[in-house]
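Position 1 is the first residue of the sequence; numbering continues from there.
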Amino acid sequence: MKTRQLGPFTVSAIGMGCMPLSMARDPQPDEEQAIATVHAALDAGITFFDTADCYAPSWDQMGHNERLVAKALRGIANRDEIVVATKGGITRSEGEAWGRDGSKQYLRKALEASLRALEVDVIDLYQWHRPDRWKVYGEVVQHFADFQAEGLIKAVGISNANVEEIEVAQQVLGPGGLVSVQNEFSPRFRSSADELAHCDEHGIAFLPWSPLGGTSGGATEVGEKFQAFGDVAREHGVSPQQVVLAWELAQSEQVIPIPGASRPASITDSARAVDLVLTSEQLARLDG
């Protein structure tokens, strides 16, 4: 497995997005399949796993995905080489009412719950999940800096951020303090190109979420919806999903895609994308 730098961590060039293990639409994997999927990722050389406290089948099961990941990683021989990232700041309450809370009180409570769910004393990478527009952005980022100073987290990341918000986070956290930005990016959604370019310029890891186009059919149909990816896949004799991930890896050395998976075969296929070399002509077609 090829590696890339994620702040202080050296991780696999492709990570695994764990959300589908708890929120897959059809069907929801049982615990045995979910754990087998994580183990298949490990067998493929993946050392970076992304989760969040709100990834759960229902509002009253917050932390479900974190607990599942923790269980899957229990007893793994190289556990100290595996990086687990989680996120906080999104709320879920009765009746599936979703919201956002960037207050320090809420974030501390969420962080402490994530520590328990992940069965760790310190979280590797803690990310602000989505902006709380009722709060001053820089003040919320300072909360994360305070948690890091307390030794509760090793590294700070933000998610769903624009360039201005990335710059604010950089100013608050200081040189090298912001290690990652997790934004949506895929053949279907390229609106984060400016944020990707900013991360490339400043040496910040860019983590595309839904890199294959989403769990509601976008990932499975990417080769049909975007013909160039299907064509290049046939030229190499690989899946269109591998071509998508290889294309994203080629955008910048800062890119670490985190494809979601709920089946061992899916994540095993995704991991193979690190060895797929696309020609400049093929990349130009895909860029277009």
Side-chain angles (χ1 to χ4, degrees), residues 4 6 11 13-25 48-55 65 85-90 92 98-100 102 125-133 137 141 156-169 178-202 204-223 225-226 228-229 240-262 266-267 270 273 286-288:
R4 291 196 166 176
L6 175 55
V11 300
I14 287 179
M16 175 176 164
C18 298
M19 185 183 76
L21 301 180
S22 298
M23 300 180 75
R25 302 193 178 185
F48 177 52
F49 296 85
D50 180 80
T51 181
D53 60 355
C54 67
Y55 295 166
N65 199 250
T86 192
K87 300 180 283 291
I90 288 182
R92 289 177 75 176
W98 293 72
R100 307 177 193 182
L125 172 62
Y126 197 53
Q127 305 159 99
W128 185 11
H129 204 155
R130 279 190 183 274
D132 177 353
R133 299 301 182 191
Y137 197 88
V141 174
V156 176
I158 56 177
S159 184
N160 301 295
N162 59 36
V163 171
E164 181 180 10
E165 290 164 341
I166 297 172
E167 290 175 336
V168 169
L178 179 67
V179 307
S180 66
V181 173
Q182 184 176 151
N183 278 11
E184 183 176 7
F185 186 77
S186 70
R188 179 184 67 84
F189 188 94
R190 306 192 190 197
S191 299
S192 288
D194 289 346
E195 289 76 22
L196 193 164
H198 183 88
C199 288
D200 182 55
E201 180 183 352
H202 293 271
I204 301 168
F206 184 85
L207 315 177
W209 62 262
S210 285
L212 298 175
T215 58
S216 56
T220 56
E221 300 170 4
V222 68
K225 290 184 175 180
F226 301 92
F229 289 88
Q241 290 77 18
Q242 283 188 44
V243 174
V244 172
L245 296 171
W247 167 71
E248 291 170 352
L249 288 169
Q251 300 296 309
S252 163
E253 285 294 318
Q254 304 303 324
V255 173
I256 305 172
I258 47 173
S262 60
S266 297
I267 196 61
S270 291
L286 301 175
D287 285 340

Would a 4.5 Å heavy-atom cut-off, applied to side chains only, mark [X] and [Y] as touching?
| X | Y | answer |
| --- | --- | --- |
| E248 | L196 | no |
| F229 | L286 | yes |
| Q251 | D287 | yes |
| V244 | S186 | no |
| P257 | L249 | yes |
| H202 | L178 | no |

If I take atom [atom1] from residue [X] and atom [atom2] from residue [Y], how far apart are they, to the nearest 0.5 angstrom?
| X | Y | atom1 | atom2 | result |
| --- | --- | --- | --- | --- |
| E165 | S159 | CD | OG | 11.0 Å |
| M16 | S270 | CE | OG | 9.5 Å |
| E221 | Q241 | CD | CD | 10.5 Å |
| I258 | Q182 | CD1 | CD | 3.5 Å |
| S210 | F185 | OG | CZ | 13.0 Å |
| L212 | L245 | CG | CG | 4.5 Å |

Does this structure show an ion pair linking R130 with E184, if we count only N-O contacts that are shorter than 4.0 Å?
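Looking at R130 and E184, the cut-off is not met.
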
Taking [Y]'s backbone N and O only, do any of them form a donor-acceptor pair with [X]'s side chain (distance below 3.5 Å, no angle check)?
| X | Y | result |
| --- | --- | --- |
| R133 | R100 | no |
| E201 | H198 | no |
| N183 | N160 | yes |
| K87 | Y126 | no |
| N65 | Y55 | no |

For [X] and [Y], which heavy atoms make the closest approach, and how far apart are they?
| X | Y | result |
| --- | --- | --- |
| I267 | G15 | CD1-O, 4.3 Å |
| V11 | I256 | CG2-CD1, 3.8 Å |
| V163 | E195 | N-OE2, 3.5 Å |
| P187 | F226 | O-CE2, 3.6 Å |
| S252 | R4 | O-NH1, 2.8 Å |
| S180 | L6 | CB-CD1, 3.7 Å |

Describe, in one word, how the ring planes of Y137 and W128 are oriented to each other, choosing from parallel (under 30°), tilted (30 to 60°) and perpendicular (over 60°).
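The arrangement is tilted - the two ring planes meet at 30° to 60°.
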
For a side-chain contact (heavy atoms from CB on, under 4.5 Å) check, start with the C-alpha distance between L207 and F48, then their side-chain angles and the critical distance, and finish with the verdict.
CA-CA 11 Å; L207 315 177; F48 177 52; 4.0 Å; yes

